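Everything on this sheet refers to the single structure shown next.
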Number of protein chains: 2
Amino acid sequence: MARHAQVHISTASRALGDDAAGVSAETVQRVRELAAMLGYRRDVGAAGLRTGSSRLIGVLVPRLTDIVLATIYESIDVAAGAAGYSTVVANTLDDATHRRSRLDAMLSRRIDGVIIGDSHLGDTAAFELQKLGVPYVLVMRKLEGHLSITTDDHRGGRLAAEHLLGLGHRRVGVIAGDLLASTGIERTEGFRRAFEAAGYPIDDRYVISSGFDTRGGLAAGTQLMKLAEPPTAIFAVNDFIALGAMGAIRDAGRKLREDVALVGYNDIDLAATLPVPLTSVRSELGEMGRLSVQALLQRMEGSSAESVLLPPVLVPRATTVG
Amino acid sequence: MARHAQVHISTASRALGDDAAGVSAETVQRVRELAAMLGYRRDVGAAGLRTGSSRLIGVLVPRLTDIVLATIYESIDVAAGAAGYSTVVANTLDDATHRRSRLDAMLSRRIDGVIIGDSHLGDTAAFELQKLGVPYVLVMRKLEGHLSITTDDHRGGRLAAEHLLGLGHRRVGVIAGDLLASTGIERTEGFRRAFEAAGYPIDDRYVISSGFDTRGGLAAGTQLMKLAEPPTAIFAVNDFIALGAMGAIRDAGRKLREDVALVGYNDIDLAATLPVPLTSVRSELGEMGRLSVQALLQRMEGSSAESVLLPPVLVPRATTVG
DNA sequence: ATCCGTGGTGCAATCGTTTGCAGAAGCGTG
DNA sequence: CACGCTTCTGCAAACGATTGCACCACGGAT
């Protein structure tokens with residue numbers, strides 16, 4: 001403890017405070033120099049015990065190996081850091097048991113707020129936090145009645161549909177992702193509605209649910225290619241699924257774009273550098289993370305915040321256009 | 001505090017302990033039931049204040065958006081969780097300033113141990129922890145004189161070289177990644193040595209350093225393709241770099257494998273499902289994470305641990321063989 | 001009947017901070 | 001010179017847990 005060094009007692013605490021109110025400038029300097037000298041670090045945990053705030057924000061994600069979530073988490077961490085908070089992240093694998101135990105662990109650390117990135121239909125995390133009075137925000141996936149920062153997925157699906165319709169595609173397939181995640185649901189819904197409105201409703205056999213990773217895309221894509229009349233275009237609700245679908249198209253001996261066009265979602269960095277660059281619906285992942293922190297901070301200080309829908313943009317590339 | 005509920009005082013602490021020694025079975029049950037009823041959670045922070053252990057392991061990585069690191073972190077988190085520890089992860093962006101501040105923040109939380117995944121030549125984190133007496137382990141990248149769990153990168157580079165030599169390639173390029181990371185250095189070194197030994201030393205103009213991401217691979221690949229006599233094969237020290245190189249090869253109007261063969265490193269999931277599946281040197285990322293936790297735990301309990309070199313394996317795919 | 005051992009419980013100190021309150025200077029003013 | 005005011009500093013009580021030690025009652029042995 002730096003104090004015992006040779007300075008006075010707990011006046012040091014004040015001297016090290018951000019404002020250092022009620023302490024002479026001279027003392028402040030002396031204390032700070034000594035602290036630096038001795039390599040003193042105030043114990044955030046102990047301080048939190050007294051103040052009641054851990055200055056810790058918990059982040060729940062399905063998996064960090066999903067680049068999309070990793071990107072969002074990165075921006076959350078940066079934004080939280082700028083506001084003086086640290087973050088803890090937990091993989092829940094879209095599984096109720098994991099979610100429970102990870103959330104429990106966070107609450108045991110007296111987390112100040114939670115950002116939920118893995119919201120799932122019928123999942124109770126948001127409700128539980130609401131009941132406990134712990135501030136929280138949903139990001140990426142939404143849930144009726146809870147504050148959320150997401151992209152306008154319905155509209156994103158529609159953009160993809162309009163793009164393909166414009167290129168003349170009439171028999172199309174959708175790889176829809178997890179049936180209980182709002183992202184998959186809304187993107188699919190927006191896409192189907194647009195085709196319906198244009199007079200080309202999509203048969204249910206052409207809409208296949210899947211995991212959100214490459215593996216899931218490969219499996220679902222293979223299924224689509226095995227249909228008696230395979231689609232001339234596929235909409236994958238995220239880029240990794242699209243990557244898997246690419247594999248399926250190749251395995252089926254078809255050529256990308258010429259035989260089967262492909263649209264992904266999120267526009268991750270590597271979409272543009274692939275051997276055949278991927279057409280994708282771009283969402284501002286970093287912005288989403290930043291806004292979610294901002295909303296959470298507002299909630300934490302008692303003021304209210306509004307849900308946000310970020311507008312998506314379609315980026316046409318070689319998997320759909322020459 | 002659950003204790004005031006109607007039970008006795010701090011005997012509750014003992015009753016809630018893992019062993020519950022020195023408490024009657026009856027009391028234990030009563031306390032536990034009541035705790036569950038009241039939704040009581042022991043405050044890990046407060047407990048840590050007393051016990052001196054935060055049961056927290058810090059993990060330093062360059063970036064989580066690098067799937068390789070995200071995969072390692074996931075397995076670290078699982079292994080740590082199994083041993084009763086939580087983890088905190090921090091992006092350091094391979095930048096000294098970030099490293100300092102993130103490590104500081106961790107030390108302020110009285111971290112029990114650190115896993116360093118972003119070791120960099122001339123970086124001081126490992127030395128500092130050593131001086132402070134905080135247990136630590138390096139993972140993925142090594143540093144002379146410090147405990148580390150890595151793959152045998154030198155050998156991995158040699159495997160890639162032997163594969164290409166066997167296919168008849170004589171004029172090859174290397175995209176070497178960061179010059180200060182042991183991974184890039186050793187993989188490149190192993191590769192060059194093997195070509196040298198075979199009688200085809202690689203000219204320095206054919207070895208280009210880069211960032212570890214797709215963007216870096218694209219830039220370096222473009223540079224290689226602009227050489228008067230472009231290489232007939234490229235070794236990229238990781239898969240993302242290879243992905244970028246694919247883009248560069250395409251942009252140069254060359255065909256993958258036929259004109260330019262390509263070998264990546266790490267064999268991430270999507271390497272196999274790409275439109276043109278990528279030949280890659282496989283490393284056991286999950287195993288690496290697990291072993292690093294094991295080694296760290298050993299260090300934390302005072303016993304010593306040995307550095308590990310995991311053996312890599314080359315997985316041939318369409319970017320090199322028909 | 002006394003004594004000892006033992007299992008169960010309570011007391012109180014402690015971990016490193018923060019913070020309301022009181023006390024001690026220093027200084028200007030009436 | 002005394003008084004009040006303003007600064008600055010120290011005291012001590014929290015925050016929520018853990019844990020060595022003392023204490024109690026009870027049963028069995030002598």
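Just so it is clear: chains get the letters A, B, ... in the order the sequence lines come, proteins before strands, and each one is counted from 1. Just so it is clear, the structure is predicted and the values come from calculations on it, not from any experiment.
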Check the side chains of [Y] and [X] for a donor-acceptor pair under 3.5 angstrom, ignoring hydrogens and angles.
X	Y	answer
S53(A)	D112(A)	yes
Y73(B)	T87(B)	yes
S304(A)	Q298(A)	no

Does any pair with a residue in residues 283-294 of chain A pass side-chain hydrogen bond (donor to acceptor under 3.5 Å, both in side chains), and if so which ones, sequence neighbours excluded?
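side-chain hydrogen bond (donor to acceptor under 3.5 Å, both in side chains) check on residues 283-294 of chain A returns N266(A)-S283(A), E287(A)-R290(A).
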
Kindly assign one of parallel, tilted or perpendicular to the pair Y136(B) and H146(B), based on the angle between their ring planes and the thresholds 30° and 60°.
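Judged by the thresholds at 30° and 60°, the geometry between Y136(B) and H146(B) is tilted.
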
Value in whole Å for how far the [atom2] atom of [N] lies from [atom1] of [X]:
X	N	atom1	atom2	answer
R42(B)	dC15(C)	CZ	C1'	16 Å
R55(B)	dG16(D)	CZ	P	22 Å
L16(A)	dG16(C)	CG	C1'	13 Å
D43(B)	dT14(C)	CG	P	21 Å
R109(B)	dT17(C)	CZ	P	13 Å

Go through the structure and list residues passing salt bridge (charged side-chain N to carboxylate O under 4.0 Å, His left out) with D94(B), not counting sequence neighbours.
R99(B), R141(B)

Footprint string (nucleotides 8-13 of chain D, 5' to 3'): B base within contact, S backbone only, - free, heavy atoms under 4.0 Å:
SBBBBB

Anything under 3.5 Å between a protein N or O and an N or O of nucleotides 22-27 of chain C, put it in a table, one pair a line.
none

For A46(A) and L49(B), work out which heavy atoms get closest and say how close.
CB-CD1, 3.7 Å

Closest heavy-atom pair, L64(A) versus A70(B), reported as atoms and distance to 0.1 Å, is O-CB, 3.6 Å

Double-helix bend of the helix from dA1(C)-dT30(D) to dG30(C)-dC1(D), axes at both ends from 5 pairs, round to 10°, gives 70°

If you count every heavy atom of other residues, nucleotides or ligands that lies below 6.0 Å from Q29(B) atom CD, does the total exceed 12?
no

What residues, two or more places apart in sequence or in another chain, satisfy side-chain contact (heavy atoms from CB on, under 4.5 Å) together with L180(B)?
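Testing L180(B) for side-chain contact (heavy atoms from CB on, under 4.5 Å), a comparison that skips the adjacent residues, returns H120(B), L121(B), D178(B).
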
L49(B) or T51(A): which one's nearest nucleotide on DNA chain C is closer to the 5' end?
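Looking at the nearest nucleotide for each, L49(B) comes out on the 5' side.
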
According to a strict under-4.0 Å criterion, is S13(A) in side-chain N/O contact with OP1 or OP2 of dT18(C)?
yes

Just N and O in the side chain of R110(A): are any of them under 4.0 Å from OP1 or OP2 of dG16(D)?
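For dG16(D), OP1/OP2 do not have a side-chain N/O of R110(A) under 4.0 Å.
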
Rounded to the nearest 0.5 Å, what's the gap from CG on L129(B) to CG on L107(B)? Could you check?
6.0 Å

